[in-house]
Asker: 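First the structure, which I've put down as structure tokens, then a few questions once you've had a look.
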Amino acid sequence: LRPVVPEAVFGNVTITRTAGHHGTGAIGKAMAPVSGFVFAAPAEPTVYVAGDTIWCDEVAEAITTHRPEVIIVNASGARFMKGDPIVMTAEDVAKVHAAAPDALLIVVHLEAINHCLERRDHYRERLPALGVDMARVRIPNDGEAVESSA
């Protein structure tokens with residue numbers, strides 16, 4: 001095991017830890033700290049795995065700082081019986097796209113557990129209505145591989 005604080009190097013891959021918010025208010029404060037990761041290697045696309053976070057200043061900062069070509073977000077609008085979402089909603093995903101319109105955006109964590117309220121079809125319908133270029137988005141089915149030419 002190797003901590004990634006603020007970064008670690010594995011072979012020629014630099015892994016940088018990023019932060020986020022796993023919800024808002026009392027629920028967000030009660031949840032564990034968010035760890036996202038940026039993977040960078042020579043001659044490869046930079047990949048940002050945002051982790052269990054909503055759209056927040058830390059996500060915007062990670063995008064601005066690292067300029068990822070591929071961004072993987074945990075979406076679904078998951079929430080508990082009370083409170084706001086603890087991972088990204090379709091509106092949050094649209095904000096990620098607006099911050100990095102040329103990045104390939106991969107939307108995962110959908111239909112995974114019972115508190116994941118927004119389904120794949122919701123994203124396929126809602127994101128275009130929010131101005132997202134769906135040519136830059138992948139919403140994989142369970143077990144589906146996504147390849148990037150970024």
Side-chain angles (χ1 to χ4, degrees), residues 4 6-7 13-41 43-150:
V4 180
E7 68 181 27
V13 179
T14 300
I15 306 165
T16 305
R17 183 186 174 279
T18 64
H21 292 278
H22 200 15
T24 61
I27 289 174
K29 289 178 183 165
M31 300 294 283
V34 171
S35 291
F37 298 95
V38 175
F39 298 84
E44 296 293 338
T46 298
V47 177
Y48 171 36
V49 180
D52 279 351
T53 185
I54 58 174
W55 172 259
C56 58
D57 291 343
E58 290 82 352
V59 171
E61 180 181 333
I63 291 169
T64 299
T65 300
H66 299 283
R67 303 266 183 227
E69 292 142 301
V70 178
I71 302 173
I72 303 168
V73 296
N74 287 357
S76 75
R79 65 182 76 215
F80 298 110
M81 297 297 284
K82 292 184 181 181
D84 295 330
I86 58 173
V87 296
M88 292 196 187
T89 63
E91 287 73 16
D92 289 337
V93 173
K95 291 175 185 174
V96 172
H97 174 71
D102 295 327
L104 174 63
L105 187 55
I106 304 172
V107 183
V108 299
H109 194 273
L110 302 171
E111 303 168 30
I113 46 182
N114 66 355
H115 68 275
C116 295
L117 303 180
E118 298 176 350
R119 302 176 58 82
R120 287 178 179 91
D121 58 351
H122 174 75
Y123 286 84
R124 291 182 181 117
E125 293 171 13
R126 184 78 180 118
L127 292 178
L130 293 169
V132 173
D133 176 5
M134 294 302 285
R136 305 297 310 151
V137 176
R138 302 295 180 276
I139 304 171
N141 291 314
D142 292 343
E144 182 180 349
V146 175
E147 293 187 27
S148 167
S149 60

Asker: Side chains of residues 94-109: which donor-acceptor partners sit under 3.5 Å, not counting sequence neighbours?
Answerer:
| unit_1 | atom_1 | unit_2 | atom_2 | d |
| --- | --- | --- | --- | --- |
| H97 | NE2 | D133 | N | 3.3 |
| H109 | ND1 | A75 | O | 3.1 |
| H109 | ND1 | S76 | OG | 3.4 |

Asker: Mind checking whether T24 and K29 have side chains closer than 4.5 Å, heavy atoms only?
Answerer: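 A side-chain contact under 4.5 Å is absent here.
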Asker: Would you please name every residue forming a side-chain hydrogen bond (donor to acceptor under 3.5 Å, both in side chains) with Y123, sequence neighbours left out?
Answerer: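 side-chain hydrogen bond (donor to acceptor under 3.5 Å, both in side chains) check on Y123 returns E118.
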Asker: Just how far is it from atom SG of C56 to atom CD of E61, taken to the nearest 0.5 Å?
Answerer: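 Rounded to the nearest 0.5 Å, the SG-CD separation comes to 9.5 Å.
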Asker: How would you list, by chain and number, every residue that makes a side chain to side chain contact (heavy atoms under 4.5 Å, CB included) with E111, sequence neighbours excluded?
Answerer: R119, R120
Asker: Tell me the closest heavy-atom pair linking L110 and D142, and the distance in Å.
Answerer: O-OD1, 4.3 Å
Asker: Heavy atoms, side chains only, cut-off 4.5 Å: are V34 and H21 in contact?
Answerer: no
Asker: More than 12 foreign heavy atoms under 6.0 Å from CD of E144: is that the case here?
Answerer: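 Check passes, neighbour count above 12.
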Asker: How would you list, by chain and number, every residue that makes a side-chain hydrogen bond (donor to acceptor under 3.5 Å, both in side chains) with R79, sequence neighbours excluded?
Answerer: none
Asker: Which atom pair, heavy atoms only, marks the closest approach of R17 to S35?
Answerer: NE-OG, 3.0 Å
Asker: Given side chains that start at C-beta, do those of I71 and I63 come closer than 4.5 Å, heavy atoms only?
Answerer: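 The answer is yes; the side chains approach within 4.5 Å.
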Asker: Is the CG atom of D57 crowded by more than 12 outside heavy atoms at less than 6.0 Å?
Answerer: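 It does not: D57 CG has 12 such atoms or fewer within range.
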Asker: Could you tell me the separation between the CD1 atom of I86 and the CG atom of N74, rounded to the nearest 0.5 Å?
Answerer: 10.0 Å
Asker: Let's go through H122 and L127 carefully: what are the C-alpha distance in whole Å and the side-chain angles of both, what is the deciding distance for side-chain contact (heavy atoms from CB on, under 4.5 Å) to 0.1 Å, and is it a yes or a no?
Answerer: CA-CA 8 Å; H122 174 75; L127 292 178; over 6 Å; no
Asker: Can you tell me how far CD1 of I139 sits from CZ of R124, rounded to the nearest 0.5 angstrom?
Answerer: 5.0 Å
Asker: Looking only at non-hydrogen atoms, find the nearest pair between V13 and A41 and report the distance.
Answerer: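 Looking at all heavy atoms of both residues, the closest pair is CG2-CB, 4.0 Å.
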Asker: Sequence neighbours left out, what pairs pass ring-ring contact (aromatic ring centres under 6.0 Å, His included) with at least one residue falling in residues 73-92?
Answerer: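 Applying ring-ring contact (aromatic ring centres under 6.0 Å, His included) to every pair that reaches into residues 73-92, excluding sequence neighbours, yields F80-H115.
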Asker: First locate atom OG1 of T89, then atom CD1 of I54, and finally report the distance between them rounded to the nearest 0.5 Å.
Answerer: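 Taking OG1 in T89 and CD1 in I54, the distance rounds to 9.0 Å.
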Asker: Starting at CZ of F37, measure out to OG1 of T18 and round the result to the nearest 0.5 Å.
Answerer: 7.5 Å
Asker: Using the rule given for side-chain contact (heavy atoms from CB on, under 4.5 Å), can you reason through V132 versus V137, listing the C-alpha separation, both sets of side-chain angles and the distance that settles it, and then say yes or no?
Answerer: CA-CA 8 Å; V132 173; V137 176; 3.5 Å; yes
Asker: Looking only at heavy atoms, which two atoms of T46 and E69 are closest? And how far apart?
Answerer: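 Heavy atoms of T46 and E69 come nearest at N-OE1, 2.7 Å.
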Asker: Apply salt bridge (Lys or Arg N to Asp or Glu O under 4.0 Å) to R67 and list each qualifying residue two or more places apart in sequence or on a separate chain.
Answerer: none
Asker: I need the M31 CE to T53 OG1 distance, nearest 0.5 Å.
Answerer: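 Going from CE on M31 over to OG1 on T53, the span is 11.0 Å.
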Asker: If every non-hydrogen atom of I27 is compared with every non-hydrogen atom of G83, which pair is closest and at what distance?
Answerer: CD1-CA, 3.9 Å
